[in-house]
Amino acid sequence: MITGLLTAITPLCVNARQKEVRHNVARDSIVLSDPAILADSKTQTYYMTGTGGKLWKSKDLDRWSGPYDVAATDPTSWMGPHPAIWAAELHEYNGKYYYFATFTNTDVIIDEYRGNKIERRASHVLVSDKPDGPYRPMADDTYLPADRPTLDGTFWVDTDGKPYMVYCGEWLLNWNGAMEFIRLKDDLSGTIGESKVMFRAFDSPWSREIIDGKESPSKVTDGPWLFRTGTGRLGILWTSWVYDVYTQGVAYSKSGTLAGPWVQEKEPVTPPNFGHGMLFKTLDGKWMMSVHSHKNINGHYHRVPHLFEVDLSGDKLIVSKTPLGGK
């Protein structure tokens with residue numbers, strides 16, 4: 001029994017009807033937003049998840065089986081019986097596996113701003129003893145405030161040895177999104193204290209949009225991922241927009257900690273129309289970046305996982321100019 005897990009008498013549900021599992025599926029034929037890959041040395045398997053709450057498995061990063069349902073949420077919680085799941089990630093920590101994801105209850109409206117009805121949305125953490133789940137709730141019902149939308153939570157252990165969640169304060173409430181962090185309990189079953197702002201969307205030197213008739217940095221902060229370079233420098237990947245082009249940038253912390261201050265690189269780090277990246281080390285020790293490509297087809301986003309080779313040996317993250325396969 002995992003400490004802090006809801007008891008067996010609490011009803012749990014897998015969030016969507018299980019689709020038919022397919023095997024030997026090419027990576028570039030999978031439609032998936034926000035792909036995050038866990039390379040698990042214990043099982044010698046890659047596990048890929050993302051938006052939608054599904055899981056894919058692979059032995060070589062090229063051919064995959066899935067999708068599997070792995071998120072077993074509590075239908076009596078604030079999420080409701082059928083939450084939308086965005087930007088899921090898997091993290092191994094202290095012998096257990098954790099599922100960081102954004103959950104949205106579309107039946108609950110928490111506010112309205114500039115004509116937008118804002119749904120109940122927040123980053124949250126589930127846990128499992130196995131990388132392929134099922135992932136279930138822990139002790140705390142709520143990790144982040146209920147009166148503001150948050151998303152894209154990710155995991156980081158800072159120089160103090162303590163675990164943290166880094167996440168986005170969504171732009172919907174003030175049209176200037178934020179990147180924030182908050183301390184997690186040692187077993188990741190909840191949060192401690194207040195969150196702190198790392199930087200805001202308008203700090204970006206590279207993103208662009210038109211707001212109220214004027215050119216401005218984009219209001220969107222999306223997809224944080226923390227990393228250290230070979231020299232020990234702390235960096236963060238994050239994604240926004242250059243007008244209608246999905247774009248990923250990077251910032252570095254002067255202090256080497258989450259507290260910053262954070263200095264934005266002037267230019268994007270990946271080619272246009274790739275974003276929401278994360279980094280992982282392959283089972284044979286090579287650093288890779290997983291992202292999705294972004295294409296608008298008749299008003300609908302078509303997103304496919306791609307892999308870029310990366311170099312972390314120096315003082316900055318260097319990303320190859322084209323993804324594996326050249327597409």
Side-chain angles (χ1 to χ4, degrees), residues 33-34 50-51 84 86-87 102-123 144-154 166-181 195-225 235-254 260-277 291-304 319:
S33 295
D34 315 325
T51 287
W86 296 354
T102 305
F103 299 89
T104 301
N105 186 336
T106 58
D107 293 329
V108 176
I109 303 300
I110 61 172
D111 210 334
E112 184 172 347
Y113 185 70
R114 295 199 180 197
N116 293 317
K117 293 185 182 299
I118 302 171
E119 299 167 335
R120 175 75 168 93
R121 177 179 301 122
S123 297
L144 296 169
D147 60 352
R148 57 190 295 257
T150 57
L151 72 161
D152 292 357
T154 190
V166 176
Y167 63 93
C168 298
E170 197 169 19
W171 58 270
L172 287 170
L173 275 180
N174 62 5
W175 280 43
N176 185 9
M179 202 66 72
E180 305 177 16
F181 70 95
S195 62
K196 297 181 180 179
V197 173
M198 300 159 67
F199 57 86
R200 296 191 180 277
F202 286 0
D203 295 334
S204 168
W206 50 263
S207 67
R208 286 290 178 270
E209 70 170 307
I210 303 298
I211 299 178
D212 296 333
K214 297 180 181 179
E215 185 173 277
S216 166
S218 173
K219 58 185 174 290
V220 175
T221 51
D222 191 57
W225 184 269
I236 184 171
L237 289 165
W238 69 286
T239 300
S240 191
W241 296 84
V242 178
Y243 304 113
D244 61 345
V245 179
Y246 199 61
T247 306
Q248 183 173 233
V250 66
Y252 292 96
S253 169
K254 280 190 172 182
W262 290 87
V263 179
Q264 304 291 331
E265 292 287 277
K266 292 182 179 180
E267 300 296 332
V269 72
T270 43
N273 284 319
F274 290 95
H276 204 109
V291 298
H292 67 245
S293 57
H294 177 90
K295 187 176 182 180
N296 189 325
I297 301 178
N298 298 323
H300 297 280
Y301 293 158
H302 181 75
R303 291 173 167 177
V304 174
V319 183

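With rounding to the nearest 0.5 Å, the separation of CD in Glu170 from OG1 in Thr150 is 8.5 Å. Interatomic distance, NZ of Lys219 versus OG of Ser240, reported as 9.0 Å (0.5 Å rounding). Note that the CG atom of Leu173 and the CG atom of Asp147 stand 8.0 Å from one another [nearest 0.5 Å]. A distance of 8.5 Å separates CG of Asp152 from OG1 of Thr239, quoted to the nearest 0.5 Å. Going from atom CD of Glu112 over to atom CD1 of Ile109 covers 8.5 Å, rounded to the nearest 0.5 Å. To the nearest 0.5 Å, atom CG of residue Asn174 and atom CZ of residue Arg114 are 9.5 Å apart.
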Just do the side chain to side chain contact (heavy atoms under 4.5 Å, CB included) check on Leu151 and Trp86 with the steps written out, would you? CA-CA 8 Å; Leu151 72 161; Trp86 296 354; 4.2 Å; yes
Hey, mind stepping through Glu119 and Thr104 against side chain to side chain contact (heavy atoms under 4.5 Å, CB included) and telling me if it holds? CA-CA 7 Å; Glu119 299 167 335; Thr104 301; 3.5 Å; yes
Would Trp262 and Ile236 count as a side chain to side chain contact (heavy atoms under 4.5 Å, CB included) if you check the C-alpha gap in whole Å, the side-chain angles of each, and the deciding distance to 0.1 Å? CA-CA 9 Å; Trp262 290 87; Ile236 184 171; 3.4 Å; yes
Derivation and outcome, side chain to side chain contact (heavy atoms under 4.5 Å, CB included), residues Leu144 and Ser123: CA-CA 7 Å; Leu144 296 169; Ser123 297; 3.9 Å; yes
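Remark: aromatic rings of Trp241 and His294 are close, center separation under 6.0 Å. Checked against a 6.0 Å centroid threshold, the rings of Tyr246 and His292 count as neighbours. Aromatic ring centres of Phe199 and Trp238 lie closer together than 6.0 Å.
When every heavy atom of Gly235 is checked against every heavy atom of Tyr252, the shortest pair comes out as CA-CD2, 3.7 Å. A pairwise comparison of heavy atoms in Gly223 and His276 identifies CA-CE1, 3.4 Å as the closest pair. A pairwise comparison of heavy atoms in Tyr167 and Ser195 identifies OH-CB, 2.9 Å as the closest pair. Val242 and Ser207 get closest at one heavy-atom pair: CG2-CA, 4.1 Å.
Side chain of Asn176 to main chain of Phe202: a donor-acceptor pair is present (N/O by atom type, distance under 3.5 Å, no hydrogens or angles). Checked by atom type and distance alone, the side chain of Ser33 never pairs as donor or acceptor with a backbone atom of Arg303 at under 3.5 Å.
Within a 6.0 Å radius of CD in Glu215, more than 12 heavy atoms belonging to other residues, nucleotides or ligands are found.
Between Glu180 and the choices Arg148, Lys196, Arg200, the salt bridge (Lys or Arg N to Asp or Glu O under 4.0 Å) rule is met once, by Arg148.
Counting only heavy atoms from C-beta outward, the side chains of Val166 and Met179 approach each other to under 4.5 Å. Between Leu237 and Pro224, every side-chain heavy-atom pair lies at or beyond the 4.5 Å cut-off. Side-chain atoms of Phe181 and Met198, non-hydrogen and from C-beta on, do get closer than 4.5 Å to each other. Put simply, the side chain of Ser216 reaches to within 4.5 Å of the side chain of Ile211, judged on heavy atoms.
No salt bridge links Arg120 with Asp111; every basic N to acidic carboxylate O contact stays at or beyond 4.0 Å.
Judged by distance alone, the side chains of Asp34 and Thr51 do bring a donor and an acceptor atom under 3.5 Å apart.
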